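This report concerns only the one structure given below.
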There are 2 protein chains.
Amino acid sequence: MGHIGIKDLSSFHGALNEPLRLRLLRLLLERELCVCEMMRALKIPQYKVSRHLGILKKAGLVRDWREGTWIHYEIAPTLPSVIKETLVCLRSLWDQSPLIQEDLRGIRGPSTRRPGDPVVTC
Amino acid sequence: MGHIGIKDLSSFHGALNEPLRLRLLRLLLERELCVCEMMRALKIPQYKVSRHLGILKKAGLVRDWREGTWIHYEIAPTLPSVIKETLVCLRSLWDQSPLIQEDLRGIRGPSTRRPGDPVVTC
DNA sequence: TCCCTATATGCCCCATGTGGCATATATTAA
DNA sequence: TTAATATATGCCACATGGGGCATATAGGGA
């Protein structure tokens, strides 16, 4: 692993600087999710979710893949371990927030759908 | 300790969103410093240091006190322990940056001055 | 092919934040 | 009082970034 530039750090902290992105990232620390699940959990319009996920993606923090009409997002598995450890640490801080806890209740329990199941509603 | 609102988290991450503030905070994690020491270590104009320290102060991350013409800054001792632990964790991440390492070399060794010594140059 | 659902994005307005300079304030010494 | 050092801040121009709406794109089913 090479060095991490101040530019990378800026990119990292910039990504976390937005309340919505922070909440999205926290959800993804729980498990992989599709856009519409995050919409419902955070009760925010679709274009916001897409927009901010796009920013997280550009910062290299998440990756996405398509399954039918759904786009799934997850924490990027290729993330440097330093970053991963930092996220785990930040999670403890974020979880002090009642709003974060409420968000998490919105995705409790594993997805009822399995890969291969027909795509019905989201 | 009560809850931490999403507003507090935003304030926290907002404070870290600026490269200069991040570097200042990293220096202060090492030890208490006065403004002119930070100016020299980071090689940046005085008004920037003051400005950004002011923002860190408003975010509650640092506190200051006067000693003669100097203003000393340090990590706020009253900071919630969750925040303190987070800062320690973030330090590991930040220290991966060569620029951060270079900044630290600028303040190596304890201050040569002792409280009570005459204020000469900074 | 047409339609519906799911997702992404272009565009414009506005709020926030920073750079940079000049200046104000505070403290100490002469 | 005057000067010098150390620090804070008001002001303005500019860049960045999010809100919000409309629209584009893509996949699946009838």
Side-chain angles (χ1 to χ4, degrees), chain A residues 6-7 10-25 27-28 32-59 62-74 111 113 115-122, chain B residues 6-7 10-24 28 32-59 62-74 111 113 115-122:
Chain A
I6 196 76
K7 211 73 175 68
S10 294
S11 166
F12 178 71
H13 286 293
L16 304 183
N17 191 30
E18 229 287 333
L20 220 49
R21 285 197 292 272
L22 192 153
R23 296 167 66 195
L24 288 168
L25 208 52
L27 289 186
L28 292 173
E32 150 266 335
L33 290 163
C34 78
V35 176
C36 54
E37 284 180 294
M38 294 186 255
M39 277 179 60
R40 288 182 312 184
L42 303 192
K43 300 183 182 67
I44 51 177
Q46 175 266 322
Y47 70 86
K48 280 196 183 183
V49 180
S50 285
R51 185 97 60 190
H52 288 292
L53 283 174
I55 294 173
L56 289 176
K57 184 180 169 185
K58 185 166 293 183
V62 305
R63 77 165 177 186
D64 65 336
W65 70 94
R66 175 178 287 274
E67 183 196 5
T69 56
W70 296 7
I71 309 283
H72 294 263
Y73 281 85
E74 68 177 5
S111 179
R113 230 183 106 267
D117 282 2
V119 174
V120 252
T121 341
C122 192
Chain B
I6 194 77
K7 210 74 175 68
S10 294
S11 165
F12 178 71
H13 285 294
L16 304 183
N17 191 30
E18 229 287 334
L20 219 50
R21 285 197 291 274
L22 193 154
R23 295 166 67 194
L24 287 169
L28 292 173
E32 151 267 334
L33 290 163
C34 78
V35 175
C36 55
E37 283 179 294
M38 295 186 256
M39 277 180 59
R40 287 182 311 185
L42 303 191
K43 301 181 182 68
I44 51 179
Q46 175 267 324
Y47 70 85
K48 280 197 183 184
V49 180
S50 286
R51 184 97 63 189
H52 287 292
L53 283 174
I55 294 173
L56 290 176
K57 185 180 170 186
K58 184 165 294 182
V62 304
R63 77 164 178 185
D64 63 336
W65 70 94
R66 175 179 287 274
E67 182 196 6
T69 57
W70 297 5
I71 309 283
H72 295 263
Y73 282 84
E74 69 177 2
S111 178
R113 229 184 107 267
D117 281 3
V119 174
V120 252
T121 341
C122 191

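Side chains are part of it too, since the values below use all heavy atoms of this structure and drop only hydrogens, waters and symmetry mates. By convention in this document, chain letters (A, B, ...) are assigned in the order of the sequence lines, proteins followed by strands, and residues within each chain are numbered from 1. Note that this is a predicted model, so its numbers are computed, not measured.
Taking side-chain N and O atoms only, A:S50 has no distance below 4.0 Å to OP1 or OP2 of C:dT7. For the OP1/OP2 pair of C:dA6 and a distance below 4.0 Å, the side-chain nitrogens and oxygens of A:T69 include no atom meeting the criterion.
Of all heavy-atom pairs spanning A:Y73 and A:L28, the tightest one is O-CD2, 3.3 Å.
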Could you go through nucleotides 15-18 of chain D and list every protein N or O atom that sits under 3.5 Å from one of its N or O atoms, giving the distance for each pair?
unit_1 : atom_1 : unit_2 : atom_2 : d
D:dG18 : OP1    : A:R21  : NH1    : 2.8
D:dG18 : OP1    : A:R21  : NH2    : 2.8

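One interatomic measurement links the two molecules: CD1 of B:I71 to P of C:dA26, which rounds to 11 Å at whole-angstrom precision. Distance OH (B:Y73) to C1' (D:dA6): 11 Å, rounded to an integer number of Å. Atom P of nucleotide D:dT5 and atom CD of B:E67 are separated by 19 Å, given to the nearest angstrom. The distance from atom CE of A:M38 to atom P of C:dA8 is 9 Å, rounded to the nearest whole Å. Atom CG in B:D64 sits roughly 11 Å away from atom C1' in D:dA8 (whole-Å rounding). Rounded to an integer number of Å, the gap from CG of A:L24 to P of C:dT7 is 13 Å. If you measure from atom NZ of B:K7 to atom C1' of C:dT16, you get 12 Å, rounded to the nearest angstrom. Atom CG in B:L53 sits about 13 Å away from atom P in C:dT18, given to the nearest Å.
To the nearest 0.5 Å, atoms NE2 (B:H52) and CD1 (B:I44) are separated by 7.0 Å.
Under the rule for a salt bridge (Lys or Arg N to Asp or Glu O under 4.0 Å), the partners of A:K57 that lie at least two apart in sequence or sit in another chain are A:D64. Here B:R63 pairs with B:E74 under the side-chain hydrogen bond (donor to acceptor under 3.5 Å, both in side chains) rule; sequence neighbours left out. B:R51 pairs by the side-chain hydrogen bond (donor to acceptor under 3.5 Å, both in side chains) definition with nothing, not counting sequence neighbours. Partners of B:N17 according to the side-chain hydrogen bond (donor to acceptor under 3.5 Å, both in side chains) rule, which considers only residues two or more places apart in sequence or in another chain, do not exist here. Under the side-chain hydrogen bond (donor to acceptor under 3.5 Å, both in side chains) criterion, A:S10 pairs with no residue at all, not counting sequence neighbours.
As judged by a 4.0 angstrom heavy-atom cut-off over every strand, B:R66 is placed among residues touching the sugar-phosphate backbone only.
Within 3.5 Å, no donor on the side chain of A:Q46 pairs with an acceptor on the base of C:dA6, nor the reverse. Contact of B:R51 with D:dG10 (side chain to base): a donor-acceptor pair of N or O atoms is detected under 3.5 Å.
Residue B:Y47 places its side chain closer to C:dG19 than to any other of D:dT7, C:dG19, C:dT7.
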